[in-house]
Amino acid sequence: MSRYWLLKSEPGVFSIDDLQAAPNQTTSWEGVRNYQARNFLRDGMQVGDRAFFYHSNATPPGIVGVVEIVRAGYPDHTAFDPASRYYDPKSDPAHPTWFMVDVRLVQKFPRIISLDELKRTPGLENMLVIRRGMRLSVQPVTETEWQIVLGLVGSADRPV
DNA sequence: GCCAACGTTGGC
DNA sequence: GCCAACGTTGGC
């Protein structure tokens, strides 16, 4: 089972700065409404696993930091709340459809590792996030990919 | 704002 | 179970 993940968020909805400002720099990762992503949240992630925080629909899109899973999958209660933007009447508290985890900020990177840079980095050719049309908002990351990306953080972006 | 890619819905 | 229509995602 993967120990490393990537979590997408639109910074206009919830950014890494929002996480940094949150109590204990911790938040529930709510609102995932895709079955494949749900399965990773419910069955894959374990306490202590780490994940890249990725800004989608951003300028530029890219990885902006690292979070740690501090609570494993549990029912996403926003699905039960008619006032929530994530409300889903098909999810029943007795048999929840949707799950979430809790994450805590580990590090905000000193610079964004842009999608473009990821695409240009040797060894990341198979990373899911760079695939065209890849919409999955919770993705496994291999240990090799994890280490390569961390290695980019302390260096300058390479010329194209 | 555009639109390709993808997931979901629902008629049959 | 098929698949067209529709809605969403997300890079550009």
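Convention: sequence-line order gives letters A, B, ...; per-chain numbering from 1. Since this is a predicted model, take the numbers as computed values, not measurements.
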ask   = What residues, two or more places apart in sequence or in another chain, satisfy ring pair (Phe, Tyr, Trp, His ring centres under 6.0 Å) together with A:Phe99?
value = none
query = From the 5' end of DNA chain C to its 3' end, which nucleotides mark the outer limits of contact with chain A, defined by a 4.0 Å heavy-atom distance cut-off (strictly under)?
reply = C:dG7 to C:dC12
ask   = Between atom CD of A:Gln36 and atom CG of A:Leu136, what is the distance when rounded to the nearest 0.5 Å?
value = 4.5 Å
ask   = On DNA chain B, nearest-nucleotide positions of A:Asn57 versus A:Arg33: which is more 5'?
value = A:Asn57
Set of ring pair (Phe, Tyr, Trp, His ring centres under 6.0 Å) partners for A:Tyr4, sequence neighbours left out = A:Trp146
query = Do the charged groups of A:Arg131 and A:Glu125 touch, with an N to O distance under 4.0 Å?
reply = no
ask   = Is A:Arg33 salt-bridged to A:Asp76, going by a charged N under 4.0 Å from an acidic O?
value = yes
